[in-house]
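Have a look at the structure below, then the notes.
Computation of the quantities below employed the complete heavy-atom set of this structure, encompassing side-chain atoms and omitting hydrogens, waters and symmetry-equivalent molecules. Letters A, B, ... are given to chains in the order of the sequence lines, protein chains preceding strands, and every chain is numbered from 1.
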2 protein chains.
Amino acid sequence: MEYDTIFVAARRAGNELALVDAGRLSRTVVKAAALLRENAGKVLAANALDLEAMDADSPMRDRLRLTAERIASIAADMESVAGLPSPQGETIAEWTRPNGMTLRKVRVPFGVVGMICEARPNVTADIFSLSMKTGNACVLKGGSDARRSNEAIAALLREALRSEGIDPAAFTLLPAGHEAAGALLNAVGYVDVVIPRGGAGLIRFVRENARIPVIETGAGIVHTYFDLDGDLTKGRAVVCNAKTRRVSVCNALDCLIVHRERLRDLAELCDPMAAERVTVYADAEAYAALEGRYPACLLRPAAEEHFGTEFLDYKLAVRTVGSLDEALAHIARYSSRHSEAIVTENAGTAREFTRRVDAACVYVNVSTAFTDGGQFGFGAEVGISTQKLHARGPMGLPELTTYKYVISGNGQTREP
Amino acid sequence: MEYDTIFVAARRAGNELALVDAGRLSRTVVKAAALLRENAGKVLAANALDLEAMDADSPMRDRLRLTAERIASIAADMESVAGLPSPQGETIAEWTRPNGMTLRKVRVPFGVVGMICEARPNVTADIFSLSMKTGNACVLKGGSDARRSNEAIAALLREALRSEGIDPAAFTLLPAGHEAAGALLNAVGYVDVVIPRGGAGLIRFVRENARIPVIETGAGIVHTYFDLDGDLTKGRAVVCNAKTRRVSVCNALDCLIVHRERLRDLAELCDPMAAERVTVYADAEAYAALEGRYPACLLRPAAEEHFGTEFLDYKLAVRTVGSLDEALAHIARYSSRHSEAIVTENAGTAREFTRRVDAACVYVNVSTAFTDGGQFGFGAEVGISTQKLHARGPMGLPELTTYKYVISGNGQTREP
């Protein structure tokens, strides 16, 4: 495989794309959505082959599976992104220095964005619309599990590019496998940033092998703290929703922290989860509070390994604490700094919690399930950054851009 | 050396620092500036020992050398940073979603910033004031050449921290040498970002060894294009200033590109540089235009190696082109995307140039010597980013921060 050729072509396509007007970029995304809708049958057929090849009991099946509804929803998301205001060319700031030169900070595309995904074919279309809309070329390395689905989708996306007279190298699907990932991570000078979307293993692989800038996404070890002053009705709704809305996603709840003086309410708090068959791994105090009041077949004593674990399953750790400080210490120790929540009616406690928790998204009386670009109002999302550089939390259009300074004058020189 | 202990202490200090009010942070910086002024003699003595140990003809001497004036200027810069508005706690954006939950995007410190520097002791004080002002702990790996200077400065900075009741682990100077650099680059979970400041070798070392996020800085392969419609008076001033103001800095000019139809003016354009003893490496056409009109001892034929070189010396490559497109192609090929300039009176050409050049700073009729945080009005600078992620070009206070989302509601859950 001639990766260099691919990257050179992507860079060239990216340079051209940066000069394409915003209207044509939006039309390309709309066209791609239409092609996806018209060819849903082809994509579903490819997806069926991918599903067939996957273990029947793999927890990844949910992420891999496409349905007519999911394709319709993907196409609708693409159209929604196409309709968003374009960040292209925006003047972020403008000022004049005492010597008369003017500075303008202008938003521009990165150029070429690299993505490494696991078995989530919907991401392929998301990434296409977000990178096109922002004027970026994209080089995507999909997961082997989703190979046929991704190829079917990518063929349609490239058809949309051609139909708008845009170099199809602006969207390149690399072959599945580690070799392509390695080449992408070392494309210094060709790819401006790489964004991995997938499990902890993928993130680690990228962190250890990338020589180009990375935005880490994905791993979410998520806590909700039910405070001394928590409202039980809100808590029941928020905790169950965060845990069970979709267990395979990164904003799903992994650990409920409960104030010792609210242990009497713990069974009622956890009760909605019993109906969803959530297994609870409770520390000794919480276990005692739940014993006989939570289905025995779903109640287990917690071991150290259950804290700091991203379950991606119908499992929940429960920890008892004596104070806000203890809750904060537990979160600081085990959190992946993705999404953290408190349930409290005490405004002072809420303020202290939001101030002291170091995470991308800090919630008060809201389910962590909202950590998502669409839910934040971004139209769609590129991923959820768990690092602090460049972008944090859900990433939308502006997060796929950088800026440059344009400085104009009439012969200014610097002394000394 | 117990690096883990150092990083754990830095992380803890960073967590505390994030909660210190802006006034105390500013006072600490002012106090440090005062201590630096009062103890200038100690710092100069340490610097003299460093200079003594360095090769007498090293081009790095200029960067290493401190004088009473430079120390006064460093202290003044620190006070100027202390007086800038604090970005801490700023609400960047705030909105409410249809379900009633409110989102607030709040500026917060990174936590712990890592720096790797070469022989520039002034950077030690700069970094201190910028990281304190933004509420970040800092772990600095200085160059071996500046070891004694850095130790003398760091001792004063930590004294300032102690005097304001701040944990001195908020500013840690690591021992010089590769082992400390390696430990810093692998401090996953403890250091949020590392910023190297130095030559191409250092940058490459960091890029290849870092497992934590990096902001690359420094390497500047800088061009100025003297266009068909360039004004000769502006061109003479801007080109000579960009080349000779200070040759050892990254914004210094490396290559003059001249339009073929202005070769008749080339000698006059280059003339001010002759007085500064700039050696010109000219391509064949430019050589012919300069022969007999530029000092023979300073005129050399250009070889391929002279293009794409960061000279950091009184040397300049000259390339002849037939059009704006050719100039842009040359820049795209050889630029390090740091600072690029055009000299032209043609507004259309200027617009095309600023639109198509992919660089942090694109100048029209202004010397590239202005690529500097202070000159941009940022008060001081952390470095000049040559990558596109997070920060591009001169980095000031906001570039040392990230943000978090605080989401508040009254029990909102997500369906489906």
Side-chain angles (χ1 to χ4, degrees), chain A residues 15 18-19 95 97 101 103 108 110-111 188 192-193 207-208 211 213-215 231 233-234 237-238 240-242 245 332 350 354-356 358-367 369-370 375-377 387-390 392-394 402-416, chain B residues 15 18-19 95 97 101 103 108 110-111 188 192-193 207-208 211 213-215 231 233-234 237-238 240-241 245 332 350 354-356 358-367 369-370 372 375-377 387-390 392-394 402-416:
Chain A
N15 290 347
L19 304 173
W95 67 101
R97 293 291 296 158
M101 70 184 189
L103 291 100
V108 295
F110 273 125
V188 176
D192 296 295
V193 57
R207 185 194 296 147
E208 293 187 354
R211 293 198 305 143
V214 175
I215 300 179
D231 177 272
T233 308
K234 291 176 190 168
V238 154
C240 183
N241 183 254
R245 194 195 67 91
T354 59
R355 196 161 161 256
R356 289 176 60 191
D358 179 21
C361 303
V362 188
Y363 291 89
V364 179
N365 294 331
V366 176
S367 162
F370 286 103
Q375 297 296 321
F376 271 34
Q387 69 180 46
K388 296 177 180 175
L389 206 67
H390 186 73
R392 203 173 187 197
T402 180
Y403 53 81
K404 65 181 171 189
Y405 292 101
V406 174
I407 304 101
S408 304
N410 56 1
Q412 279 85 348
T413 56
R414 179 178 170 191
E415 311 295 345
Chain B
N15 289 348
L19 304 173
W95 67 101
R97 294 291 297 158
M101 69 183 187
L103 291 100
V108 294
F110 274 124
V188 176
D192 296 295
V193 57
R207 185 196 294 146
E208 294 186 352
R211 292 197 306 143
V214 175
I215 301 179
D231 176 89
T233 307
K234 292 176 189 168
V238 154
C240 183
N241 183 254
R245 194 195 68 91
T354 58
R355 197 162 159 255
R356 290 174 61 192
D358 179 19
C361 303
V362 188
Y363 291 89
V364 179
N365 295 331
V366 175
S367 163
F370 287 103
D372 173 280
Q375 297 296 319
F376 272 34
Q387 69 180 47
K388 296 177 180 176
L389 206 67
H390 186 72
R392 202 174 187 199
T402 180
Y403 52 82
K404 64 180 172 190
Y405 292 101
V406 175
I407 304 101
S408 304
N410 55 2
Q412 280 86 350
T413 57
R414 179 176 170 192
E415 309 298 341

Problem - Short side-chain to backbone donor-acceptor contact, A/K234 and B/G409, under 3.5 Å - result: no

Problem - Student check: side-chain heavy atoms of A/E415 and B/N241 closer than 4.5 Å - result: yes

Problem - Proximal component of B/D192, with respect to chain A [non-hydrogen, under 4.5 Å] - result: side chain

Practice task
Quick one: which of A/T233, A/V366, A/V406 has the most heavy-atom pairs under 4.5 Å with chain B, could you say?
Solution key: A/V366

Handout entry: Closest contact, heavy atoms only, A/R356 versus B/K404
Key = N-NZ, 4.3 Å

Exercise for the section: Search all heavy atoms of B/Q412 against all heavy atoms of A/V238 and return the closest pair with its distance. Expected result: O-CG2, 3.8 Å

Exercise for the section: Give a yes or no on whether the backbone of B/S367 and the side-chain of A/R414 come within a donor-acceptor separation of less than 3.5 Å. Expected result: no

Handout entry: B/D372 portion near chain A, given a 4.5 angstrom heavy-atom threshold
Key = side chain

Problem - Nearest heavy atoms of A/A237 and B/G411, plus distance in Å - result: CB-O, 4.3 Å

Practice task
Could you pull out the closest heavy-atom pair between A/W95 and B/F376, with the gap in Å?
Solution key: NE1-O, 2.9 Å

Exercise for the section: Below 4.5 Å from any heavy atom of chain A, which atoms of B/L389 appear? Answer side chain, backbone, both or neither. Expected result: both

Practice task
Heavy-atom distances under 4.5 Å only: say whether B/A359 touches chain A with side chain, backbone, both or neither.
Solution key: backbone

Exercise for the section: Calculate, to the nearest 0.5 Å, the distance between atoms CD and NE2 belonging to A/Q387 and B/H390 respectively. Expected result: 10.0 Å

Practice task
For B/K388 and A/V193, indicate whether the former's side chain and the latter's backbone hold a donor-acceptor pair under 3.5 Å.
Solution key: no

Practice task
Could you grab the distance from atom CG of B/L103 to atom OH of A/Y363, nearest 0.5 Å is fine?
Solution key: 7.5 Å

Problem - B/A18, part contacting chain A, at a heavy-atom distance under 4.5 Å - result: neither

Exercise for the section: For the residue pair A/V108 and B/R392, establish whether any side-chain heavy-atom pair is separated by less than 4.5 Å. Expected result: yes

Completion exercise
Looking only at B/R97, B/R355, B/R207, most heavy-atom pairs under 4.5 Å shared with chain A are made by B/R97

Handout entry: Under 4.5 Å from a heavy atom of chain B, the part of A/E208 involved
Key = both

